[in-house]
Participant: 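Sharing a structure with you now.
Naming: A, B, ... by sequence-line order, numbering from 1 per chain.
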Protein chains: 2
Amino acid sequence: MPTIRKAPTKSSGPSTLRESPAPPPSPQTLRADARRNRERLLAAASEAFAEHGATASMDDVAKRAKVGIGTLYRHFPTRESLLAATVEDGLLVFADRDWSRPSGSSADALGRFLEALAAHASTYRGLAASLGVVLASGTPGCHAASATGERLLKSAQAEGSVDRHADFGDVVCMATAIALATQQTPSDPERAKRLVRMFVDGLRARAKVSSSPASKKQRERRRH
Amino acid sequence: MPTIRKAPTKSSGPSTLRESPAPPPSPQTLRADARRNRERLLAAASEAFAEHGATASMDDVAKRAKVGIGTLYRHFPTRESLLAATVEDGLLVFADRDWSRPSGSSADALGRFLEALAAHASTYRGLAASLGVVLASGTPGCHAASATGERLLKSAQAEGSVDRHADFGDVVCMATAIALATQQTPSDPERAKRLVRMFVDGLRARAKVSSSPASKKQRERRRH
DNA sequence: CTCGTAAACGGAGGCAGCCTCCGGTTGTAT
DNA sequence: ATACAACCGGAGGCTGCCTCCGTTTACGAG
């Protein structure tokens with residue numbers, strides 16, 4: 001039932017131009033009942049997403065949590081924010097893992113990270129499609145994971161084992177791309193690994209090339 | 001009452017068990033009015049997809065074509081079939097293009113093909129997400145494009161400039177994935193090209209490695 | 001030209017999901 | 001005990017999907 005979902009289209013009628021779309025839901029200073037409901041919602045969401053993929057019905061999530069739909073939207077104004085909160089814990093342990101190995105280059109570590117990230121993006125069917133938005137949602141877990149990845153990339157580049165022109169955005173792109181691609185054709189579960197390895201090999205190959213004087217066109221591509 | 005999903009269940013009394021869900025709409029033996037409507041639908045769809053992306057409302061398409069919604073669904077039972085028909089022509093010219101160059105290896109040709117395919121998958125915003133389904137829809141254009149790609153890959157592999165373990169599925173996966181990922185973060189329009197290039201470099205690198213005796217771990221990754 | 005028939009049309013209607021809004025409820029500080 | 005801000009909950013309005021079936025129309029035979 002691959003019903004494609006639509007963007008949240010703000011129609012018109014600017015009754016009250018909300019300049020702050022919403023005060024950030026909250027940290028930990030919630031009233032007791034609110035915190036309780038938040039927990040239930042997260043648990044319910046986790047269940048629903050696991051069962052129906054990232055497009056599970058919001059109403060269903062609220063129902064599972066035995067909570068009004070209004071409550072859900074107050075805690076998590078968008079589907080993405082709910083997704084982000086759901087994977088937050090996973091991201092945190094993810095960021096804290098030690099990716100280096102006694103033997104092996106930094107490029108290898110980056111490869112392992114990339115592979116794990118792609119796997120992580122497949123936690124729920126359809127998660128990958130939102131991973132970009134999720135990672136940009138600015139939760140501690142997202143920051144931590146990004147920081148870790150960036151560190152790995154930088155160090156591999158410093159070591160010279162990875163192309164200096166790649167930026168972390170490319171890596172994230174690639175991870176989500178691979179996750180996306182493989183979950184579209186789940187026939188071959190090895191494909192993800194194969195693709196990751198090819199990508200990392202590509203990074204390596206360019207690392208060698210980039211020290212030759214031939215490539216000068218690519219210098220100006222530095223921004224972000 | 002958690003009746004969540006309703007299948008399209010024939011209500012009751014299975015008078016005629018439809019084994020073929022629907023006879024394939026038709027080739028060119030349509031009644032005059034039918035053919036006319038088909039054309040209008042395609043034009044309308046093209047417009048709507050261009051404007052709203054691949055998730056444009058079906059009702060809107062019908063309305064633009066000045067045709068009942070029922071007519072739309074008779075001609076194109078699913079959104080994907082409509083998408084496929086919409087890009088059909090493009091795929092045909094795509095398949096017929098000459099990808100080789102006087103100078104340059106077959107791997108280069110494959111790279112150009114891949115890049116173009118990724119670009120093609122971005123014809124409409126959101127097209128890439130369905131490209132897998134679309135390519136599997138079996139229209140002449142899809143067959144032609146697949147055949148062309150497969151030929152390029154095979155010949156690059158025969159020439160030894162590309163890893164023999166990659167299959168065409170990998171290539172399609174990567175093209176759609178790159179298109180998908182990059183259109184999620186359209187900040188850097190150069191990213192798609194960079195990623196494609198890295199991927200092709202990866203294919204090349206493995207081509208070299210695969211003949212050395214050092215890699216034994218990669219041997220068993222032979223299937224399909 | 002006239003019919004008869006199958007092919008094609010079209011849109012009402014039922015359903016699901018999204019999200020807002022606001023009257024009612026409840027935790028908590030004093 | 002009281003007050004009030006924070007929070008709850010779900011009805012309701014809206015959009016989009018897709019089926020079903022009565023009506024219209026093309027077109028081949030006579």
Side-chain angles (χ1 to χ4, degrees), chain A residues 1-16 18 21-23 25-41 44 48 52-82, chain B residues 1-13 15-16 18 21-23 25-41 44 48 52-82 126:
Chain A
M1 234 159 290
T3 307
I4 302 181
R5 205 163 297 274
K6 239 187 112 184
T9 49
K10 188 74 184 169
S11 61
S12 64
S15 59
T16 308
R18 34 159 118 215
S26 259
Q28 210 65 331
T29 49
L30 288 169
R31 233 170 66 173
D33 51 346
R35 187 155 54 248
R36 180 164 37 80
N37 279 344
R38 190 172 195 280
E39 293 307 322
R40 304 177 75 173
L41 278 169
H52 300 306
T55 62
S57 144
M58 295 303 238
D59 291 33
D60 180 38
V61 171
K63 218 160 280 173
R64 274 175 204 250
K66 309 209 165 168
V67 142
I69 185 72
T71 301
L72 194 169
Y73 277 100
R74 195 168 334 98
H75 281 284
F76 306 101
T78 66
R79 177 186 297 278
E80 278 73 29
S81 65
L82 180 55
Chain B
M1 199 52 71
T3 308
I4 297 177
R5 272 302 155 183
K6 241 213 23 192
T9 43
K10 201 68 183 162
S11 58
S12 62
S15 57
T16 307
R18 38 158 114 210
S26 258
Q28 210 66 334
T29 48
L30 288 170
R31 234 169 64 173
D33 52 346
R35 187 155 54 249
R36 180 166 35 80
N37 279 344
R38 191 174 196 279
E39 293 307 320
R40 303 177 75 171
L41 280 168
H52 300 307
T55 62
S57 142
M58 295 303 239
D59 291 35
D60 180 38
V61 171
K63 217 161 282 171
R64 276 175 203 250
K66 310 209 165 170
V67 141
I69 185 71
T71 300
L72 194 169
Y73 278 100
R74 195 171 331 98
H75 281 283
F76 307 101
T78 66
R79 177 186 298 277
E80 279 74 28
S81 65
L82 181 54

Participant: Under 4.0 angstrom, heavy atoms only, what part of the nucleic acid is Asn37(B) near: base, sugar-phosphate, or nothing?
Facilitator: sugar-phosphate
Participant: Can you check whether His75(A) has a side-chain N or O nearer than 4.0 Å to OP1 or OP2 of dC7(D)?
Facilitator: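 Answer no for this pair, as no side-chain N or O of His75(A) is under 4.0 Å from OP1 or OP2.
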Participant: Round to the nearest Å and state the distance from Glu80(B) atom CD to dC18(D) atom C1'.
Facilitator: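 It is 14 Å, rounded to the nearest whole Å.
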Participant: Over how many whole Å does the gap from Asp60(A) atom CG to dA16(C) atom P extend?
Facilitator: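 The answer, rounded to whole Å, is 13 Å.
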Participant: Could you run down nucleotides 21-29 of chain D 5' to 3' and tag each one B, S or - for protein heavy-atom contact under 4.0 Å?
Facilitator: ----BSS--
Participant: Ser57(A) side chain N/O closer than 4.0 Å to the phosphate oxygens (OP1, OP2) of dC18(C)?
Facilitator: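 So the side-chain polar atoms of Ser57(A) do come within 4.0 Å of the phosphate oxygens OP1 or OP2 of dC18(C), strictly under.
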Participant: Measure the distance from CG on Leu72(A) to P on dT20(C) and round it to the nearest whole Å.
Facilitator: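 Rounded to whole Å, this separation is 12 Å.
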Participant: Calculate the interatomic distance between Tyr73(B) atom OH and dA12(C) atom C1'; express it in whole Å.
Facilitator: 15 Å
Participant: Which residues pass the side chain to side chain contact (heavy atoms under 4.5 Å, CB included) test with Ser81(A), sequence neighbours left out?
Facilitator: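 Scan of Ser81(A) (side chain to side chain contact (heavy atoms under 4.5 Å, CB included), adjacent residues dropped) gives Phe76(A), Pro77(A), Thr78(A).
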Participant: Who passes salt bridge (Lys or Arg N to Asp or Glu O under 4.0 Å) against Asp33(A), sequence neighbours left out?
Facilitator: Arg31(A)
Participant: Check the distance between dA8(C)'s P and Lys66(B)'s NZ and give it to me in whole angstrom.
Facilitator: 23 Å
Participant: Starting at CZ of Arg79(A), measure out to CE of Met58(A) and round the result to the nearest 0.5 Å.
Facilitator: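 Between Arg79(A) CZ and Met58(A) CE, I get 5.0 Å after rounding to 0.5 Å.
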Participant: Arg38(A) has an atom CZ; how far is it from atom P of dA6(D), in whole Å?
Facilitator: 18 Å
Participant: Search all heavy atoms of Asp59(B) against all heavy atoms of Ile69(B) and return the closest pair with its distance.
Facilitator: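 Residues Asp59(B) and Ile69(B), closest heavy atoms: OD1-CD1, 3.7 Å.
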Participant: Who pairs with Arg40(B) by salt bridge (Lys or Arg N to Asp or Glu O under 4.0 Å), at least two apart in sequence or on another chain?
Facilitator: none
Participant: How many Å lie between CZ on Arg35(A) and C1' on dT28(C), as a whole number?
Facilitator: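 Rounded to whole Å, this separation is 13 Å.
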Participant: Starting at atom CG of Leu82(B), determine the distance to atom P of dG16(D), rounded to an integer number of angstrom.
Facilitator: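 Taking atom P of dG16(D) as the reference, CG of Leu82(B) is at 16 Å.
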Participant: Of Ile69(B) and Gly68(A), whose closest DNA chain D nucleotide lies nearer the 5' terminus?
Facilitator: Gly68(A)
Participant: So, for Thr71(B) and Leu41(B), which heavy atoms are closest and what is the spacing to 0.1 Å?
Facilitator: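 Result for this residue pair: O-CD1, 4.2 Å.
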Participant: Quick check on dG9(D): is either OP1 or OP2 less than 4.0 Å from any side-chain nitrogen or oxygen of Thr71(A)?
Facilitator: yes
Participant: Under the side chain to side chain contact (heavy atoms under 4.5 Å, CB included) test, which residues partner Asp60(B), sequence neighbours left out?
Facilitator: Ala48(B), His52(B), Ser57(B), Arg64(B)
